[in-house]
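Reviewing the structure listed below.
Letters A, B, ... mirror the listed sequences (proteins, then strands); counts begin at 1.
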Amino acid sequence: GGQSGGSSGGESGGSSGGSESDGTPTQTESNDSSSSGMDTSVLTADGSSTVFPITNTGASYWNSNPEAGDEDYWPQSWASEEYDTDMRLADFFAQDYGYESTGQRSVPPFRASVALSHSGTGVEGVMEGRVDIGDSSAPAQAELAGSGVSDATLDKFTDHVVGVDGQPIVVSREIYDAGVTQITIEQLRQIYRQEITNWSELGGPDREILALGRAEGSGTDTAFRNNVFGDPNAPISPDQRFGQNQQLQQAIGQVDNAIAYIALAFVEPDGATPPIGLEIDGTVYEYGNNLGAQEYPLSRDLHAYTWEGTSRKEACFINFLLSDFGQETFVASNNYFKLPKDRLRTEREKVAPSNFS
Amino acid sequence: MLQSIQTRATHELSAAATFARNYRVRTEDGALLMHLLGGLSTAVAFVLFLQGSQWTIVPILALLATAVIGWRRYQAELVKGLTFLTTVATVSILSLIIVFLLLRSAPIVAEMGLSLLTRTGQPLWGQNDVYALTPMMIGTALTTVIATIIAAPLGIAGAVFVSEIAPRRLREVVKPGIELMAGIPSITYGFIGLTIFNQYLYTEFRTPTIGNYFAAGIMIGIMALPTVVSVAEDALSTVPESMQSGSLAMGSTNWQTTKSVTIPAALSGVSAGVLLGVGRAMGETMAATVMLSHTKGFPTPVFDVFTNYGETLTTVIAFEGGNASGLHMSALFAAGVVLFFMVMVLSVTSQWIEWRMHTKLGGENA
Amino acid sequence: MSNVERTGLVTGESSLGDLVANVVIAVSLLGFLASWGTIFQWLDETGTYVGFQLFHLLGGSLFVLAAGLAFAGLGSYFDYVDSTPSDSAGLTVGAIFGLLWAIVGGLAAAQWGGNALVVWGSGAVAFGLLGCVAAIYPREDLGSTLPIALLLGLIGYVIVSGHINAGWTWTPGWTGAEFPGSELVPVLVIHGALLGLWSAAKARRGYGAQGRQHGAYWLVGLTVFSMLGVLALLIMFIIVQGLDVMLTGASLTGGQVRLFGVTLPWIEVPFVTNVPGGLFVDIPGVMPAIVGTLWLVLGAVTFAVPLGVGAAIFLTEYAEQGRFTQLVEVATNGLWSTPSIVFGLFGLAFLVPRISGGNSIFVGQLVLGFMLLPLVLITSREAIKAVPDEYRDASAALGVTKWETIRSVVVPAAMPGVITGVILGVGRIAGETAPLLLVFGGSPFPSAGPQVLQSFRFSTTPPFVTNEALLSPASALPYQLYSSITAGVFDHPAFSSTEYGWGTALVLLLLVIGLYAVGVGSRIYFRRKLHHE
Amino acid sequence: MSNVELDQTEDAQPDQTTTGETDERVREEWLDYDFAGETKLSATDLDVYYGDDHALDGISIDIPAESVTALIGPSGCGKSTFLRCLNRMNDRIKAARVEGSVELDGEEIYQDGINLVELRKRVGMVFQAPNPFPKSIRDNISYGPRKHGDIDKGLLARLLGRDDREKERELVERSLKNAALWDEVNDRLDDNALGLSGGQQQRLCIARCLATDPEVILMDEPASALDPIATAKIEDLIGDLAEDYTVVIVTHNMQQAARISDQTAVFLTGGQLVEYGDTDQIFENPRSQRVEDYITGKFG
Amino acid sequence: MSNVELDQTEDAQPDQTTTGETDERVREEWLDYDFAGETKLSATDLDVYYGDDHALDGISIDIPAESVTALIGPSGCGKSTFLRCLNRMNDRIKAARVEGSVELDGEEIYQDGINLVELRKRVGMVFQAPNPFPKSIRDNISYGPRKHGDIDKGLLARLLGRDDREKERELVERSLKNAALWDEVNDRLDDNALGLSGGQQQRLCIARCLATDPEVILMDEPASALDPIATAKIEDLIGDLAEDYTVVIVTHNMQQAARISDQTAVFLTGGQLVEYGDTDQIFENPRSQRVEDYITGKFG
Ligand SMILES: Nc1ncnc2c1ncn2[C@@H]1O[C@H](COP(=O)(O)OP(=O)(O)OP(=O)(O)O)[C@@H](O)[C@H]1O
Ligand SMILES: Nc1ncnc2c1ncn2[C@@H]1O[C@H](COP(=O)(O)OP(=O)(O)OP(=O)(O)O)[C@@H](O)[C@H]1O
Ligand SMILES: [Mg+2]
Ligand SMILES: [Mg+2]
Ligand SMILES: O=P([O-])([O-])[O-]
């Protein structure tokens with residue numbers, strides 16, 4: 001069955017020719033490595049749409065396994081200057097964990113597949129063994145708060161933080177242009193309790209406020225409630241909820257009277273979703289300025305949870321995300337904050353290859 | 001009373017005994033053994049599967065082996081046995097669905113009792129282990145009613161047009177065309193609804209949210225329309241030609257014939273078509289999921305279809321099914337149960353109506 | 001079509017009455033179309049056409065209708081025009097007119113008298129009764145024209161005089177939504193045009209039984225064509241939006257295909273043949289989703305067809321028609337109308353933990369198989385029942401056993417019906433999304449399709465055969481479309497999420513409609529074949 | 001039937017050409033045939049095609065008023081087709097094309113602008129299988145008159161006091177009596193007509209037809225689906241009807257034709273009208289050999 | 001048929017009781033009737049009930065070998081029911097209950113353990129409407145023998161070289177020749193049988209029946225759906241078949257019965273066999289008044 005594999009699975013760099021040779025070696029390769037006792041099955045991840053850009057971009061790079069010197073994806077500046085290697089990207093990051101190199105484009109030592117839903121799903125999924133890694137943009141205990149999960153269970157989560165988000169508040173372009181560029185956190189609370197319902201109360205035009213939110217169970221929602229209202233289960237009543245960040249972003253762009261909380265990666269300062277400043281205890285937190293600050297209550301860690309420890313395969317991939325290359329390419333370029341040096345060090349230790357020798 | 005039950009039971013028992021005896025006499029020993037082995041291995045496979053055992057494969061292989069050997073020796077008996085098994089499997093799937101939905105919804109019923117279906121006070125969903133399906137039931141009712149208002153009259157008009165009015169040429173184009181429409185995936189309708197219709201209503205009519213019951217209901221109605229047309233048209237075209245000729249030969253117009261003879265004679269089939277359409281509308285998930293606002297509450301007044309609240313029984317399952325657990329998940333299963341029974345009632349009703357039609361008209365060729 | 005129609009169409013010289021009726025019909029059609037055009041924003045609601053403002057044109061057309069209808073009614077009443085009216089327009093017409101006038105009365109009373117129920121309520125009742133009586137009391141020719149003419153004249157006046165214009169809004173108390181004149185006027189004109197059309201068509205045939213038929217046919221015909229128009233527009237819309245995306249980089253000869261070692265130029269459609277994820281794609285495509293959909297369909301068919309056909313054979317050929325068959329019938333019909341999301345829930349609760357522990361192709365196949373099963377059973381049963389008993393009798397009279405008869409005569413004769421049913425069913429499940437959300441979906445934009453064939457492994461421990469790919473999640477066309485709509489984190493320079501969504505929607509539509517077309521076509525083909533030979 | 005012809009199976013078929021000539025001669029003869037009554041319906045050179053299929057081949061015939069005319073002939077010879085031409089029910093068959101002329105009381109019915117409703121009111125029809133509407137007996141009878149606006153008993157009429165119940169009652173009684181059904185059903189006029197026996201249903205259909213007060217009644221094998229007793233009743237009824245109406249009846253039962261009809265027209269395969277004349281003469285002394293063969297049961 | 005009886009409609013019905021008595025007498029007489037050939041099939045006190053409906057009422061009859069026996073009688077009198085008793089096709093009707101005995105060559109067919117397959121091979125059947133399978137002409141003929149394992153041409157057989165094509169070819173040719181169809185279809189044996197004309201289809205059904213080499217052929221109105229020419233061909237064929245086979249034929253066409261049969265049995269309403277005997281005698285000189293009434297067309 002090599003043929004159909006070639007055509008269906010061949011990631012042939014945009015051209016449909018020459019994909020035939022790809023399929024067969026995959027099989028031999030994975031056969032060999034599975035016989036050598038390494039787990040080469042697909043690494044699955046699911047969960048937060050906030051973390052998704054990080055893990056998914058990581059997975060794309062990983063699965064593509066570009067050769068060193070591929071200026072777009074694994075440039076010399078990184079490969080030879082930073083890491084001093086001429087190996088392919090995934091081959092290189094996997095070798096320390098005992099994986100054999102494949103030496104082929106689009107054939108990583110093991111594949112990674114990242115699904116997309118909410119943080120809640122990721123946390124549930126990793127807990128029930130449905131996926132290897134659970135992406136979450138809120139802490140697991142906040143996600144699971146109120147669902148009667150015991151502390152012993154919570155202890156089985158292994159937390160890996162892969163990036164930091166400074167959740168901004170955004171409004172529709174028209175509102176921003178009409179002069180509402182900053183509100184206080186109390187006003188924000190009132191909006192989401194339906195106590196302020198018209199923009200004129202905030203110095204804007206005479207228009208109803210369309211308070212948008214994310215689905216319950218999404219990390220963004222949980223974090224928002226936790227950070228703004230002080231309780232992950234605080235009752236808030238937005239006018240409308242959306243499944244994922246993107247849908248939310250689109251909706252804000254479509255209308256002329258919306259406000260929303262969203263992940264950094266989805267802010268368009270000059271586009272349809274301009275961020276506004278949030279004043280807390282006299283300090284104004286602004287996009288591009290101080291959202292990453294520890295004091296900004298809406299800033300939050302982006303987690304990649306594993307269950308009951310971390311397996312070699314999981315560690316290998318998370319380490320890839322935590323590498324300097326990963327932080328720069330997957331976190332920073334997606335508009336999130338890289339982990340500070342010291343935190344990076346602790347996180348890397350948790351998944352260091354030495355744990356798996 | 002008791003006695004009649006008893007006589008009935010003995011009657012049934014003796015009938016079963018006769019059946020068993022006949023079966024025993026008519027079937028060869030080998031075939032009997034084969035049936036026994038097949039039945040046994042299926043049962044074992046099912047029990048193992050229920051427990052999630054990896055050994056499930058063994059009885060399945062045994063069943064296969066029995067079948068292969070049986071095929072060579074007792075083909076006719078084997079086929080009879082196998083087809084019986086498939087029938088049982090079909091019925092079991094439905095029973096399994098019912099059982100599992102009920103089992104998994106038991107915790108929330110234990111927690112909430114009847115208020116699961118009647119609670120109207122805050123909190124409605126998620127706080128303090130309270131999960132009330134009431135807002136979603138209202139939502140389902142609203143979208144279904146709107147969809148029915150669209151689909152039923154237009155669907156019947158379409159059916160009448162296709163079967164009674166359209167010239168034959170046109171009919172040969174329109175009928176398959178409408179059937180094709182029935183095949184358009186609902187997610188596609190949802191995409192259009194989301195990007196076009198929601199947007200239109202929001203900008204032109206300043207609806208409180210982007211997307212509401214009105215928009216979703218209309219989209220679902222359009223979606224159910226081809227089903228109604230198709231089924232109702234089938235019913236209309238089975239009205240015997242002799243009845244229509246009878247009317248025409250007395251000098252009534254085609255339209256009078258349609259109104260006074262054809263539609264009344266096909267009424268049960270037509271209403272079965274409408275009920276089927278209503279069932280589809282009620283169970284429709286994707287379009288509503290992408291179009292509604294996913295906030296739970298009661299519109300005031302209750303017929304305010306432009307309300308900012310927007311959640312139905314189906315959308316809540318699709319929207320939250322992925323990340324629910326514990327009581328929350330159980331509540332979603334309860335939503336499934338409510339949905340299932342509502343649709344089941346519709347299905348049985350439409351079957352009953354159709355059955356009535358058959359007895360009333362004395363079979364198809366009355 | 002109807003002979004009545006045909007005769008009438010060529011009757012006699014066109015009289016003045018016919019001419020007026022024809023004009024009214026034409027004007028209503030124009031008004032109807034223009035109003036839809038306004039709603040679809042093809043016409044600018046504040047624009048000027050042929051020297052008039054659009055809304056003045058629309059309102060004016062209602063005036064024309066009113067005048068024409070008044071002439072048609074009075075002309076017939078005073079015998080200027082040949083007609084055969086009945087004594088009365090009838091109760092249905094009366095009820096509808098009453099309702100319309102009640103709305104007018106209620107609104108008018110509310111406008112001038114205030115919002116109290118007594119005020120607008122009594123206005124509504126008074127006008128409603130008046131409208132009703134005006135419709136049913138006089139002879140049909142007056143009753144079915146004058147109340148409409150009056151109503152249309154009134155609406156026309158309100159529009160032309162600018163009482164309701166594009167800027168005007170109606171803000172009822174019961175809802176947060178507002179109804180602007182720019183949308184209300186076309187809606188009013190659409191309904192007015194339909195009324196005028198009906199009445200004029202009736203007048204055109206001289207009222208009476210023939211007139212009623214003519215009126216009804218025009219009304220039903222126009223409604224049905226609008227409905228078909230809307231449905232066609234929906235499809236057109238997807239095609240227009242998605243075609244560019246789907247054909248990005250496509251060429252007739254750009255691709256290559258290897259046949260027996262020879263490389264030949266071939267059609268290239270990168271959007272269809274490429275993967276969406278990964279780094280090395282210039283034009284992201286939907287290949288993995290297509291492969292995923294095909295695997296889903298294949299699995300569902302393998303599961304459902306043997307079960308469904310087997311059960312159909314048992315029920316029709318072996319089982320005694322009685323309570324058991326009735327039970328199965330109720331069960332299958334119930335299964336058939338069970339919402340797909342409920343199947344998804346069941347799969348999540350029952351199959352996922354027992355089979356794959358997580359989302360997987362295999363569970364998706366089973367769940368879709370459950371959904372396909374009742375359809376296969378129902379259509380197979382119909383097909384087997386439709387095999388004439390003569391065949392069975394003939395075979396039995398030749399001394400052939402039951403099973404041999406089923407195998408050699410019944411099943412082959414029923415095959416066309418079964419195949420058609422299966423294709424239609426496949427069309428249905430191929431577009432199914434809801435259950436996939438719960439039991440199937442994985443990475444929304446994968447960099448490779450599921451490699452099912454390569455993943456079979458054999459071992460000596462049960463279950464002896466494993467297939468990791470089958471037990472892993474994947475992507476499918478409808479799932480991918482859902483992901484593009486909701487998640488949309490599809491970031492690629494080639495397309496935006498929405499563009500990618502439209503492209504996916506078009507591919508999905510083509511696939512499903514293609515399947516349906518094959519199904520419907522095969523049914524027509526088999527039917528013809530059966531009837532001709 | 002005597003046994004004389006029983007062994008004639010092996011007889012040589014008469015030469016085709018000869019037969020044709022004979023028929024031609026015979027035909028001219030009967031075209032001059034003068035009936036007692038005045039002509040009610042008259043067809044001239046009537047051809048009917050179903051697609052390419054020539055179902056009726058130049059039929060010319062005068063049907064006299066207030067008598068029973070029987071059409072007989074083997075299956076598929078076009079009897080039903082001819083009958084349906086007389087009230088233009090053939091218009092409903094898409095494939096059918098009619099050429100030639102049919103006159104009712106001297107008025108052409110195949111002309112433009114003909115009012116089909118009026119035509120079918122005057123030329124009623126009773127079908128082979130009884131086809132009552134699934135309504136009450138009363139509503140079956142009053143269906144036609146109500147649709148023609150002769151009887152109005154809707155809600156509206158009742159409200160306005162313009163109710164025609166009395167008229168309806170009379171009409172129902174008269175029609176049922178004329179169809180010899182009144183005695184059997186007068187106590188259950190509101191029962192569903194589908195509950196009647198086959199013979200009763202057929203008489204109901206006749207009554208329904210009478211209720212619209214037609215001048216001509218066409219019947220297409222009205223008794224072929226009935227048992228002997230019901231058949232006898234229908235036959236009696238037809239005899240009575242001929243006093244007031246012009247009855248044209250298709251039958252495949254030659255004895256029936258002989259028993260009830262005044263004139264008989266014999267159609268033979270190919271849609272030709274081969275012989276037409278007084279019933280007694282046709283059965284006792286047919287002019288054409290083919291008709292004789294047919295009547296004596298050599299084929300068909 | 002002569003015209004003598006044409007006006008007898010109004011004749012008084014013979015008194016019911018008298019008729020009954022006459023029949024009884026007549027019946028005893030024909031029960032002793034001796035046919036030339038040996039008895040092939042013999043029914044004794046055969047009763048059939050459909051639910052509570054008594055469809056056959058104590059039929060006793062001996063059918064001689066290698067001759068044509070016709071069953072006639074009005075519609076619904078049980079002719080088809082009786083015919084289906086002779087090869088136990090009535091077993092297929094759920095509601096039917098058969099009592100009494102039928103012997104084929106002296107062997108009871110209503111005994112436990114009878115091999116239905118064998119019985120129906122020996123007693124073949126041809127139905128009213130031609131019902132070929134939607135397969136090729138060749139496959140229609142060889143269907144029976146293949147299912148009985150006499151001819152094997154499956155894939156396996158072909159692979160093993162045990163192909164019976166030659167045998168099949170011969171069988172098809174012989175059967176079609178016997179059914180007088182060979183000349184018309186020998187160049188298109190692989191065409192679909194549904195493409196044949198009605199008469200050809202019916203002869204194909206006869207050929208199909210002959211291919212299983214039966215001893216008795218039952219025919220239920222085999223020509224009633226056919227045109228005169230096809231009918232004539234089938235009638236000729238039946239005459240030829242009687243040389244080798246025992247033919248029992250139901251017909252509603254009395255001339256046909258008279259033309260082709262050696263013996264005739266007359267059933268009348270109520271499922272009674274009223275008269276049975278030499279065909280000439282039955283038609284020329286029926287013993288019972290009811291049979292005479294029936295034959296002369298007073299009813300039915
Ligand atoms: N609707 C139709 N479409 C095509 N051909 C038709 C149609 N109706 C009748 N025919 C053909 O026209 C011919 C005459 O048919 P018609 O029904 O008039 O015969 P008939 O004398 O009434 O026969 P029968 O005694 O069987 O009722 C036949 O060859 C028949 O096949
Ligand atoms: N399957 C059946 N179920 C119930 N009653 C039946 C069935 N078949 C026949 N009958 C009844 O048995 C009686 C005899 O029927 P049968 O078909 O044998 O008559 P027939 O003489 O062949 O009539 P025809 O000339 O109409 O074919 C009839 O009263 C009929 O209604
Ligand atoms: Mg006819
Ligand atoms: Mg019969
Ligand atoms: O990160 P979330 O998608 O769960 O908000």
Under the criterion side chain to side chain contact (heavy atoms under 4.5 Å, CB included), I'd like the reasoning laid out for B/Thr83 against C/Val309: C-alpha separation, chi angles, the key distance, then a yes or no. CA-CA 8 Å; B/Thr83 53; C/Val309 175; over 6 Å; no

Test side chain to side chain contact (heavy atoms under 4.5 Å, CB included) on B/Ile317 and C/Leu438 and set out the steps. CA-CA 9 Å; B/Ile317 303 175; C/Leu438 297 180; 4.2 Å; yes

CA sep, side-chain torsions, deciding dist, call: B/Ile192, C/Trp502, side chain to side chain contact (heavy atoms under 4.5 Å, CB included): CA-CA 9 Å; B/Ile192 294 176; C/Trp502 285 119; 4.2 Å; yes

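Annotation for C/Glu320: atom CD does not count as buried by contact number, only 12 or fewer foreign heavy atoms lying within 6.0 Å.
Within the 4.5 angstrom heavy-atom criterion, only side-chain atoms of B/Val174, from C-beta onward, approach chain C. Residue C/Arg407 touches chain B through its side chain alone, counting heavy-atom pairs closer than 4.5 Å. For B/Gln75, the parts sitting under 4.5 Å from any heavy atom of chain C are the backbone and the side chain alike. When heavy atoms are compared at a cutoff of 4.5 Å, B/Arg280 approaches chain C solely by way of its side chain, counted from C-beta outward. For C/Ser182, the part sitting under 4.5 Å from any heavy atom of chain B is the side chain, from C-beta outward, and nothing else. Proximity to chain C (any heavy atom under 4.5 Å) is shown, for B/Pro176, by both the backbone and the side chain. Contact of B/Thr285 with chain C is made through the side chain alone, with heavy-atom distances under 4.5 Å. Within the 4.5 angstrom heavy-atom criterion, no atom of C/Leu219 approaches chain B. Heavy atoms of C/Val330 lying under 4.5 Å from chain B belong to its backbone as well as its side chain. Contact of C/Thr401 with chain B is not made at all, since no heavy-atom distance falls under 4.5 Å. Residue contact with chain C, scored on non-hydrogen atoms closer than 4.5 Å, is absent for B/Leu103. Neither the backbone nor the side chain of C/Pro374 comes within contact range of chain B, judged by heavy atoms closer than 4.5 Å. Interface residue B/Arg206: backbone and side-chain heavy atoms are both found under 4.5 Å from chain C. Only the side chain of B/Ala89 comes within contact range of chain C, with at least one heavy atom under 4.5 Å from a heavy atom of that chain. Contacts of B/Ile178 with chain C are made by side-chain atoms alone, with heavy-atom separations under 4.5 Å and no backbone atom involved. For B/Leu96, the parts lying near chain C are the backbone and the side chain together; criterion is any non-hydrogen pair under 4.5 Å. For B/Val162, no part lies under 4.5 angstrom from a heavy atom of chain C. C/Ile429 does not touch chain B: none of its heavy atoms, backbone or side chain, sits under 4.5 Å away. Contact of C/Leu373 with chain B is made through the side chain alone, with heavy-atom distances under 4.5 Å.
The shortest side-chain heavy-atom distance between B/Thr195 and C/Gln241 does not fall under the 4.5 Å cut-off. The closest side-chain heavy-atom distance from C/Arg354 to B/Leu50 is below 4.5 Å. The side-chain heavy atoms of B/Lys175 and C/Val520, taken from C-beta on, include no pair separated by under 4.5 Å. You'll find the side chain of C/Val224 stays beyond 4.5 Å of the side chain of B/Val160, heavy atoms only. With contacts defined as side-chain heavy-atom distances shorter than 4.5 Å, the pair C/Leu437/B/Met286 qualifies. Contact check for C/Leu348 versus B/Met329: side-chain heavy atoms found under the 4.5 Å cut-off. Contact annotation: the side chain of B/Leu313 never approaches that of C/Ile341 to less than 4.5 Å [non-hydrogen atoms, C-beta and beyond]. The closest side-chain heavy-atom distance from B/Val79 to C/Tyr318 is below 4.5 Å.
For the residue pair C/Gln326 / B/Gln351, no side-chain donor-acceptor distance below 3.5 Å is found, with atom types taken as modelled. Neither side chain, C/Tyr217 nor B/Glu164, offers a donor N or O lying under 3.5 Å from an acceptor on the other.
The heavy-atom pair separating C/Pro180 from B/Glu204 by the smallest distance is CG-O, 3.1 Å. Scanning all heavy atoms of the two residues, the minimum distance from B/Leu180 to C/Tyr516 falls at CD2-CB, 3.4 Å. Of all heavy-atom pairs between C/Ala311 and B/Thr86, the closest is N-OG1, 3.0 Å. The two residues B/Leu332 and C/Leu345 come nearest to each other via the heavy atoms O-CD1, 3.8 Å. Looking at every heavy atom in both residues, C/Ala209 comes nearest to B/Gln256 through CB-NE2, 3.5 Å. The shortest non-hydrogen separation linking B/Pro185 to C/Leu509 is CD-CD1, 4.4 Å.
Considering CG of C/Leu234 and OH of B/Tyr189, their distance stands at 6.0 Å, rounded to 0.5 Å.
Taking the six-membered ring for Trp, C/Phe350 and B/Phe49 have ring centres closer than 6.0 Å. The aromatic ring centroids of C/Phe179 and B/Phe205 lie less than 6.0 Å from each other. Between C/Tyr482 and B/Phe191, the gap from one ring centroid to the other reaches at least 6.0 Å. Ring centroid separation for the pair C/Phe40 and B/Tyr200 does not come in under the 6.0 Å cut-off.
The aromatic rings of B/Phe161 and C/Phe225 lie perpendicular to each other, with more than 60° between the two planes, well past the 30° mark.
Taking B/Thr314, B/Ile93, B/Leu154 one by one and counting their heavy-atom pairs under 4.5 Å with chain C, the maximum is reached by B/Ile93. The candidate from B/Leu248, B/Thr289, B/Thr300, B/Ile97 with the greatest count of non-hydrogen atom pairs under 4.5 Å with chain C is B/Ile97. No other option in B/Ile196, B/Ile60, B/Leu276 has as many heavy-atom pairs under 4.5 Å with chain C as B/Ile196. In terms of non-hydrogen atom pairs under 4.5 Å with chain C, the most contact-rich of B/Leu94, B/Leu61, B/Val343, B/Ile187 is B/Ile187. Counting heavy-atom pairs closer than 4.5 Å to chain B, the top residue among C/Pro306, C/Ala434, C/Gly347, C/Ala505 is C/Ala434.
B/Leu78 meets the side-chain contact (heavy atoms from CB on, under 4.5 Å) test with B/Met34, B/Ala67, B/Trp71, B/Leu82; sequence neighbours excluded.
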